[in-house]
Amino acid sequence: MTSDVVAPGSRRGPGRSRAGERKHSGSRELLLNLTMREVRSQFKRTALGRLWSFINPLATIAIYSIVFGFILRSPIEPGVNSGIHLFAFFLATALIPWSFMSGAIMAGMGSIVGNSGLLTKVYFPRVILPVSTILAMTVTFAIELSLLTAIMAVVGGPEVLLFLPGLIAMMALTVIFCIGIALMLSIAMVYFRDTQHFMNIFIQLWFYATPIIYAPTLIVQLQETVRNDGWTLFGEPFPLFMLYNLNPSTRITGAFRSMLYDFQWPSWQDWAVVTVWAGAVLGLGLLVFRRFSARVVEEL
Amino acid sequence: MTRSIFAPPQRSSRGSAVSVRGVSKSFRVYQDRNQSLKATILRRKRASFEEFWALRDVSLEIPEGRTFGLMGHNGSGKSTLLKCIARILEPNEGSITARGRMAAMLEVGSGFHPELSGRENVYLNGSILGMSRAEIDRKFDTIVDFAGVEAFIDQPVKNYSSGMYVRLGFSVAIHVDPEILLVDEILAVGDMQFQEKCREKFAEFKDQGRTVIVVSHGLGEMRTFCDEAAWLDHGRLVEVGPAVDIVDNYIEAGHLARPVASGGMRHGSGEVIVERIELLDRDDEDTRQFRTGEPLTMRLHYRATERIERPVFAASLHSRDGQHLWSHHTWDAQYIPSAVSGSGSIDVAVPALPLQPGSFTVNTSVVDEELAHSYDQWVKAVQFDVVPGGTPRESGGVLVMQSTWRNLLPTGLVDPATSAPGGVPVEDHTGTGPAAPATTALSEVDLPADAGPDEPAGHVSDRQHGGAQDLPNGVATGAEPLPDFGDRATPRR
């Protein structure tokens with residue numbers, strides 16, 4: 001806790017602007033330090049250390065590839081421009097962003113409750129906690145993503161490198177989206193510990209509602225099937241695919257897959273939907289957080 | 001305090017470090033606390049609760065550069081107020097304005113990550129407390145040194161002993177160099193040696209004009225450590241003022257203290273008490289009258305109803321208006337009895353009383369070795385007077401500093417024949433013992449020509465007591481002339 005403090009309740013005070021500046025730079029440093037704390041402590045006391053951040057996704061990819069690619073034979077198209085036609089890559093290009101999303105949301109959600117010891121003893125802007133937690137995971141995400149990009153460059157050709165700016169932009173939007181969700185959930189978690197268990201289930205549901213282990217064309221087929229079975233909405237086919245595409249994670253994982261697997265720019269609709277989602281969720285998250293965070297310490 | 005021309009300018013007059021204005025804070029006390037969604041949906045509200053007001057319309061100014069104590073019973077709201085000042089809690093109403101960088105030591109080491117090394121944690125914790133990286137770089141060695149964990153600084157802190165953990169945390173916090181330091185239960189940290197270091201550090205803070213705000217249960221500690229205090233009761237402010245007065249009022253109001261037949265008030269758990277105090281003069285006579293420079297021995301007669309291990313005895317001296325002048329406990333003196341039981345006595349000897357004439361009170365206490373539990377506190381146990389006629393004789397205030405006046409410039413004004421430039425030591429005639437000053441003679445001083453007609457012309461000579469009161473009368477101080485010693489009985493109060 002630094003700065004000329006203008007304590008809560010008095011929104012005006014001497015030296016406010018100077019205090020604001022100093023507080024700002026101090027917060028940035030604290031954010032960085034807390035992020036580094038997470039990053040450093042993540043794999044402490046493990047023999048393999050940071051390697052785990054590669055082994056984990058690799059193992060998941062291997063398992064899902066065997067189950068869904070080899071046993072269940074989830075039908076996939078070859079990459080549009082890359083010509084790659086391998087389920088493991090199809091899966092990895094969406095699974096890695098998804099793992100980040102689910103991991104970041106879950107970790108960010110628990111960041112306030114998990115740091116109650118700190119919150120009840122020291123003052124610092126509370127928003128730093130969920131944000132630093134997510135930023136720490138972003139570091140891992142960025143490493144995984146660059147590794148994946150490198151692999152795709154080897155497998156499908158160096159054209160994938162042209163999409164680097166797109167990947168970075170999409171990563172930024174994803175991080176913003178996750179921060180927004182985590183801000184809301186971290187507060188909800190303080191008031192209702194059930195949130196965690198509820199989210200465990202919801203994340204599973206969300207995983208299967210996102211085209212990660214299957215191609216989105218399956219949903220178009222499903223929509224047809226449903227119509228043929230006689231399920232309609234005002235005479236039109238039930239707009240399953242449209243609803244499906246409102247899911248931000250569909251767009252996010254789709255965009256990553258488009259760039260990394262198909263070597264194709266995501267559609268402008270993808271960009272638009274993801275941007276709107278990220279902006280709206282962050283705005284709402286900040287609103288909720290600001291509204292409730294003042295009393296959070298008492299509830300811990 | 002009596003103010004005279006000698007009174008020092010008040011340092012704290014510049015303003016307040018923290019202004020608390022009309023602060024109220026409520027907590028929700030849940031009758032049936034549930035944090036489950038099901039119950040919420042079923043009842044359509046989260047839980048039934050009652051508002052509990054921990055603070056009710058508290059307003060106070062904490063002056064800059066003072067040590068300020070917050071006191072009260074458990075649940076009085078003192079910790080809540082401290083947390084509100086620290087911004088950890090947000091008041092429902094009112095505002096708190098703090099000027100200057102603030103550091104809170106509510107629980108040290110709370111930001112430590114067990115898996116990270118001491119070094120990493122110092123940086124992390126430092127930045128949580130508001131230090132920049134460059135600042136921590138600069139102070140790193142001092143921090144580690146203060147904590148005494150050099151050898152382990154690159155070990156994960158989970159391998160630290162709890163003492164090391166706490167010391168490192170405390171060390172980081174205290175090196176934030178805050179202008180305002182918030183402390184909860186000051187000396188409940190570490191071993192005695194470390195506590196001593198902390199005490200020194202706090203004293204240093206005070207000297208540097210920083211503001212320290214303390215919540216404490218230790219009344220004795222509050223009295224000696226704090227300049228000012230606020231007393232809270234059930235969330236309301238009862239009284240603010242000099243710590244000594246507030247503590248006394250608090251003790252009296254809480255009926256914690258029992259009046260003692262021979263004078264004063266007593267509180268404490270009572271397993272061992274100081275029953276009686278003798279003030280012994282040079283001839284071992286119990287008296288209540290002393291002169292400046294005379295030896296004084298306080299004999300504390302204790303009685304213990306059970307065996308008490310390593311009790312710490314203390315005596316302190318206060319001026320009539322409650323100013324804390326001196327205290328000395330046997331822990332600092334490293335004179336701790338291994339145990340006491342039954343009756344006995346212990347002496348604290350002052351070789352030469354360095355007090356100017358006035359009335360003084362003696363407090364005694366017996367506490368445990370941690371200085372945390374109080375067996376007996378006897379407030380205003382005895383009173384004694386320092387009567388005029390002692391040596392050295394100085395002009396006002398409380399203390400005798402054994403000061404000398406010298407080096408008048410230009411030198412022509414002092415008779416060269418009888419004065420020795422810079423002064424020479426002369427034999428001390430008073431026999432006040434080893435602590436008596438090596439006095440300086442400036443025995444003959446010429447008065448300036450324009451000295452007032454009522455000033456005695458000529459020389460001041462042949463002081464039978466010699467020593468420091470050989471002032472160049474009327475020259476520099478403008479003080480009234482000093483005729484022969486015994487004639488002048490001017491009590492200071």
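- Looking at S26(B), the atoms closer than 4.5 Å to chain A (heavy atoms on both sides) sit in the backbone and in the side chain alike.
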For this session: Give the intermediate values and the outcome of side-chain contact (heavy atoms from CB on, under 4.5 Å) for residues E120(B) and N33(A).
Result: CA-CA 9 Å; E120(B) 285 167 318; N33(A) 274 321; over 6 Å; no
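- Contact check on E298(A) versus K25(B) returns a salt bridge, with a Lys/Arg side-chain nitrogen under 4.0 Å from an Asp/Glu carboxylate oxygen.
- Rounding to the nearest 0.5 Å gives a distance of 9.5 Å between CG of N125(B) and CZ of R37(A).
- Rounded to the nearest 0.5 angstrom, L30(A) CG and S132(B) OG are separated by 12.5 Å.
- Scanning both residues, T120(A) and K83(B), for their nearest heavy atoms gives O-NZ, 3.5 Å.
- In this structure, chain B has heavy atoms under 4.5 Å from both the backbone and the side chain of L34(A).
- Scanning all heavy atoms of the two residues, the minimum distance from R126(A) to I88(B) falls at NH2-O, 3.0 Å.
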With a cut-off of 3.5 Å and sequence neighbours excluded, list every side-chain donor-acceptor pair involving residues 96-109 of chain A.
{"residue": "S99(A)", "atom": "OG", "partner": "L95(A)", "partner atom": "O", "Å": "2.8"}
{"residue": "S102(A)", "atom": "OG", "partner": "W98(A)", "partner atom": "O", "Å": "3.2"}
{"residue": "S102(A)", "atom": "OG", "partner": "S99(A)", "partner atom": "O", "Å": "3.3"}

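- No more than 12 heavy atoms of other residues, nucleotides or ligands sit less than 6.0 Å from atom CH2 of W52(A).
- Between R133(B) and E29(A), the shortest heavy-atom distance links the atoms N-OE2, 2.5 Å.
- Legend: residues meeting ring-ring contact (aromatic ring centres under 6.0 Å, His included) with Y160(B), ordered by chain and number and at least two apart, are absent.
- Atoms CG and CE, from L124(B) and M36(A) in turn, are 11.0 Å apart once rounded to the nearest 0.5 Å.
- For the atom pair CZ of F124(A) and CZ of R87(B), the computed distance is 12.0 Å after rounding to the nearest 0.5 Å.
- Within a 6.0 Å radius of CZ in F152(B), no more than 12 heavy atoms belonging to other residues, nucleotides or ligands are found.
- For the atom pair CG (L116(B)) and CD (E38(A)), the distance works out to 9.0 Å, reported to the nearest 0.5 Å.
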